[in-house]
Amino acid sequence: MELFTYPITQEREGRKYWAYSEDFPGVYGLGKSINEAKASILESMRLYIEECRATHRTIPRARTVYAETVCLAV
């Protein structure tokens with residue numbers, strides 16, 4: 001078993017939460033809660049990596065090395 005580390009972003013839209021990783025274009029997670037969206041994106045990413053392995057494609061590398069939330073007064 002190999003461990004991979006990627007940043008994910010979670011957003012709220014109405015009553016749903018969705019998650020994505022910029023390292024996996026077109027791969028998303030969706031849920032009624034933050035935890036459901038997180039579990040969904042993790043499963044989607046796992047399936048994507050398994051498909052890469054099965055088809056001998058390159059597994060995406062994490063590009064983000066640092067992220068933070070900032071507060072800006074305008």
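Note that the structure is a prediction, hence the values are computed from the model and not measured.
Residues satisfying the side-chain hydrogen bond (donor to acceptor under 3.5 Å, both in side chains) criterion with Arg57, sequence neighbours excluded, are Thr55. For Tyr20, the side-chain hydrogen bond (donor to acceptor under 3.5 Å, both in side chains) partners at least two apart in sequence or on another chain are Glu11. By the side-chain hydrogen bond (donor to acceptor under 3.5 Å, both in side chains) test, Arg12 is found to be paired with no residue, residues two or more places apart in sequence or in another chain being considered.
We find the CG-OG distance between Leu30 and Ser44 to be 10.0 Å, quoted to the nearest 0.5 Å.
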Could you tabulate the donor-acceptor pairs under 3.5 Å formed by side-chain atoms of residues 2-10, not counting sequence neighbours?
residue	atom	partner	partner atom	Å
Glu2	OE1	Arg53	NH2	2.9
Tyr6	OH	Pro60	O	2.4
Gln10	NE2	Ile34	O	2.8

Using residues 62-74 as the side-chain source, report each donor-acceptor pair under 3.5 Å to any protein atom, sequence neighbours left out, with the distance given to one decimal.
residue	atom	partner	partner atom	Å
Arg63	NE	Asp23	OD1	3.1
Arg63	NH2	Glu22	O	2.4
Tyr66	OH	Glu68	OE2	2.7

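Across every non-hydrogen atom of Thr58 and Cys52, the tightest pair is O-SG, 3.7 Å.
Evaluation of the ring pair (Phe, Tyr, Trp, His ring centres under 6.0 Å) test over residues 28-48, restricted to residues two or more places apart or in two chains, returns Trp18-Tyr28, Phe24-Tyr48. Residue pairs satisfying the salt bridge (charged side-chain N to carboxylate O under 4.0 Å, His left out) criterion with at least one member in residues 26-44, sequence neighbours excluded, are listed as follows: Glu43-Arg46.
Linking ILVMFWY side-chain heavy atoms closer than 4.5 Å, directly or via other members, places Ile59 and Leu47 in two distinct hydrophobic clusters.
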